[in-house]
Structures are given as C-alpha cells and as structure tokens.
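All ligand and atom numbering here is 1-based and tracks the order in the structure. Computed from heavy atoms alone, side chains included, the values below leave out hydrogens, waters and symmetry copies.
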Amino acid sequence: MPVPHPIPLPDPPSALSRAQRLKARTDQPHRRVDERILGLGIFDSRAAFARFVRVQYRLHADVQGLYACPVLLRQLPSLAGRQRLSLIERDLADLDVPVPGPSAATPDLGTLAHRLGWLYVVEGSALGGAVLLKMAARLGLHEDFGARHLAPAAQGIAATWRRFAAELDAIVLEPPQETAVLQGAEDAFARVVHHVEAEFR
Ligand code: HEM
C-alpha cells in the first residue's frame with residue numbers, strides 16, 4: 001500500500017508535447033469531421049467538392065485576422081506566409097463558385113491561448129491536404145487548378161508541420177492557458193462542423 005506523502009506532489013509533467021496533446025485531445029472530433037466530410041461525397045462531383053472548398057473558406061475566414069496579429073507572429077514566426085485563404089478564393093474562382101458571404105455570427109476566438117488552439121486546427125488541416133489532393137485528382141483538380149489550397153508547401157508538408165509544431169511547443173504557458181489552447185482547438189472543430197452543416201444543408 002503506498003505511503004501517503006506529507007506534501008502534495010505536483011502533477012508529473014506530461015510526456016506529450018503541446019502539439020501531441022492537441023492531436024490526442026482532438027482525435028475524436030477530427031475523426032467525426034473526416035467521416036462526415038468524406039461521407040458527403042465531396043469527390044463525386046466538382047460541385048460537391050466546391051462545397052467543401054466553401055467550408056474551408058468559412059473556416060479560414062474565421063481566423064483570417066490571426067495571421068496579422070503581431071503577438072501571434074512573435075510567438076509563431078512561421079505564421080507569416082502560411083495563410084491559405086487567397087488560394088481557397090482562387091480555387092472557388094476555378095470552380096466557378098462564389099465565395100461565401102460573411103458569416104451571420106462570427107465566432108468568439110477567445111484569448112490568445114485559445115487562438116493557438118484555433119491555429120493548430122487550421123494549420124494541422126494542411127497535413128490531411130495531401131490525401132485530399134490525391135482524391136481531387138479524380139475530378140481533374142490539382143495544385144494549379146481548383147485544389148490549390150491543398151498543395152503541399154514548397155518546403156514539404158512534414159517539415160512545414162514540424163516547424164509549426166516546434167514553434168507552438170516552445171511557447172511558455174501557465175496551466176489555465178494550456179487548458180484554453182485545448183478548448184480553442186475543440187471550438188475550432190465545432191466550428192468546422194457548423195460550417196459543414198451550413199454548406200451541405
Ligand atoms: C476542414 C476539415 C479538417 C480539419 C479542420 C482537419 C484538421 C486536421 C488537423 C488539426 C490535423 C493535424 C493532426 C496532428 O496534430 O498531427 C489533421 C491531420 C490529418 N487530417 Fe485532417 N482535417 C480536416 C479534414 C480532413 C479530411 C476530410 C480528411 C480525410 C482524408 C483528413 C485527413 C487527415 C490526415 C490523413 C491527417 C494526417 C494525420 C497524420 O499524419 O497524423 N482531414 N487534420
């Protein structure tokens with residue numbers, strides 16, 4: 001039987017990095033989003049795929065301002081140059097589909113820490129982009145037409161992601177902010193679901 005320690009011991013440090021914790025914490029919502037989106041037959045026609053691109057537009061528009069935030073740019077220097085909203089706009093133009101109008105209710109992105117969680121989701125989605133890009137080829141779409149925003153970054157998907165994750169992991173946060181980052185990521189996935197349901201209604 002363990003002998004009670006007179007002074008409460010602090011929680012052991014998590015073996016996972018912040019990015020790994022985010023991945024573990026959002027595994028379920030990510031799976032639900034993947035299954036829902038693929039279940040909607042987005043590769044059955046260009047029209048269906050365009051709806052998915054409009055979902056992407058809505059999500060990326062939600063966080064548009066974060067890519068110009070000086071505080072976030074200091075914490076995540078590689079944020080500069082990562083924004084894919086203009087590529088999504090060009091994809092919609094290729095597909096001859098209008099850009100969605102402004103959202104009726106803009107999301108509350110929360111504190112700076114929550115915003116890190118939102119950015120984790122939006123930047124992490126580029127990892128799945130490679131898979132989606134291959135599938136989009138069935139529709140004659142590629143990185144120069146209709147599926148530009150799914151194209152891997154010039155430095156490669158893995159290296160680009162590792163850099164973002166390293167920057168994210170290096171930010172010093174207090175435990176309540178750590179919780180806020182996870183909450184921000186969950187909120188972002190909930191927002192994706194909201195956009196999917198709005199677009200495929
Ligand atoms: C807007 C919708 C989506 C969002 C926001 C999203 C978000 C994410 C995030 C945050 C990650 C990074 C996970 C990590 O930390 O390693 C990721 C990875 C990934 N996603 Fe998605 N995703 C979306 C749609 C999809 C869809 C439809 C697929 C279907 C194939 C998909 C497949 C993948 C794959 C294969 C990875 C890489 C997993 C790995 O290498 O560990 N995603 N996505």
Side-chain angles (χ1 to χ4, degrees), residues 14-45 48-64 66-67 76 78-79 82-85 87-89 91-92 99-100 103 107 109 114-139 141 146-153 156-171 178 181-200:
S14 168
L16 298 180
S17 71
R18 183 174 295 133
Q20 288 170 334
R21 277 200 303 279
L22 280 157
K23 181 180 168 79
R25 176 72 170 255
T26 57
D27 182 54
Q28 290 271 327
H30 183 247
R31 273 170 209 257
R32 279 199 293 271
V33 161
D34 288 1
E35 282 165 17
R36 178 79 180 116
I37 289 176
L38 294 181
L40 286 163
I42 62 166
F43 297 107
D44 291 353
S45 67
F49 181 74
R51 286 183 169 199
F52 166 68
V53 180
R54 280 171 55 101
V55 169
Q56 294 279 57
Y57 180 90
R58 290 171 186 268
L59 175 66
H60 287 250
D62 286 337
V63 295
Q64 181 176 17
L66 304 189
Y67 290 81
L76 301 165
S78 73
L79 209 53
R82 284 184 181 271
Q83 202 172 12
R84 283 176 288 153
L85 190 62
L87 292 173
I88 297 173
E89 278 172 356
D91 285 337
L92 287 172
V99 162
S103 286
L109 301 180
H114 288 92
R115 292 165 192 222
L116 295 174
W118 278 83
L119 285 171
Y120 160 79
V121 174
V122 173
E123 287 307 314
S125 71
L127 275 180
V131 179
L132 300 178
L133 185 64
K134 271 199 198 124
M135 292 176 166
R138 304 181 196 156
L139 298 169
L141 306 177
R148 300 167 194 267
H149 79 282
L150 299 175
I157 301 172
T160 307
W161 176 246
R162 274 199 304 273
R163 172 140 189 232
F164 179 80
E167 290 177 355
L168 185 62
D169 289 343
I171 301 168
E178 212 63 78
V181 179
L182 297 173
Q183 185 60 55
E186 288 187 343
D187 293 348
F189 270 109
R191 184 72 174 166
V192 173
V193 172
H194 169 85
H195 290 324
V196 169
E197 300 316 324
E199 203 52 58
F200 288 86

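The nearest pair of heavy atoms linking Ala50 to Leu92 is O-CD2, 3.9 Å.
Salt bridge annotation for Arg58-Asp62: absent, with no cationic side-chain nitrogen under 4.0 angstrom from a carboxylate oxygen.
Ranked by closest heavy atom to atom 35 (C) of ligand 1, the top entry among Ile37, Leu127, Val131 is Val131.
Residue Gln56 touches ligand 1 through its side chain alone, judged by heavy-atom distances below 4.0 Å. Heavy atoms from both the backbone and the side chain of Val121 come within less than 4.0 Å of ligand 1. Neither the backbone nor the side chain of Thr26 comes within contact range of ligand 1; no heavy atom lies under 4.0 Å. Residue contacts with ligand 1, taken as heavy atom pairs separated by less than 4.0 Å, involve Phe189 solely via side-chain atoms from C-beta onward. Residue-level proximity to ligand 1 for His30 is carried by the side chain, the only part with a heavy atom below 4.0 angstrom. When heavy-atom distances to ligand 1 are checked against a 4.0 Å cut-off, Val122 has no atom that comes that close, whether in backbone or side chain.
Taking a cut-off of under 4.0 Å to the non-hydrogen atoms of Trp161, the atoms of ligand 1 that pass are 15 (O). Distances below 4.0 Å separate heavy atoms of Gly128 from the following atoms of ligand 1: 18 (C), 19 (C), 20 (N), 32 (C), 33 (C), 34 (C), 36 (C).
Between Asp34 and ligand 1, a contact under 3.5 Å exists for at least one N or O pair.
Among Trp161, Phe164, Phe189, the single residue meeting the ring pair (Phe, Tyr, Trp, His ring centres under 6.0 Å) criterion with Tyr120 is Trp161. Evaluated for a side-chain hydrogen bond (donor to acceptor under 3.5 Å, both in side chains) with Gln56, the options Arg84, His149, Arg51 yield exactly one hit, His149.
In this structure, Arg18 contributes its side chain and Leu168 its backbone to a donor-acceptor pair below 3.5 Å. Of the possible donor and acceptor atoms, none in the side chain of Arg21 sits under 3.5 Å from a partner among the backbone N and O of Leu182. With hydrogens and angles ignored, the 3.5 Å screen pairs a side-chain donor or acceptor of Arg82 with a backbone N or O of Thr160. A donor-acceptor contact shorter than 3.5 Å links the side chain of Asp169 to the backbone of Ala19. The backbone N or O of Ser78 sits less than 3.5 Å from a side-chain atom of Glu167, completing a donor-acceptor pair. Distance alone, capped at 3.5 Å, is enough to place a donor-acceptor pair between the Ser45 side chain and the Ala48 backbone.
For atom 40 (O) of ligand 1, the nearest protein heavy atom lies 4.0 Å away or farther.
Of all protein heavy atoms, the one closest to atom 4 (C) of ligand 1 is Ser125 CB, 3.6 Å. Scanning the protein for heavy atoms near atom 38 (C) of ligand 1, the closest one is Lys23 NZ, 4.2 Å. Among protein heavy atoms, atom 11 (C) of ligand 1 sits closest to Gly124 O, 3.2 Å. In terms of protein heavy-atom proximity, atom 13 (C) of ligand 1 is nearest to Tyr120 OH, 3.4 Å.
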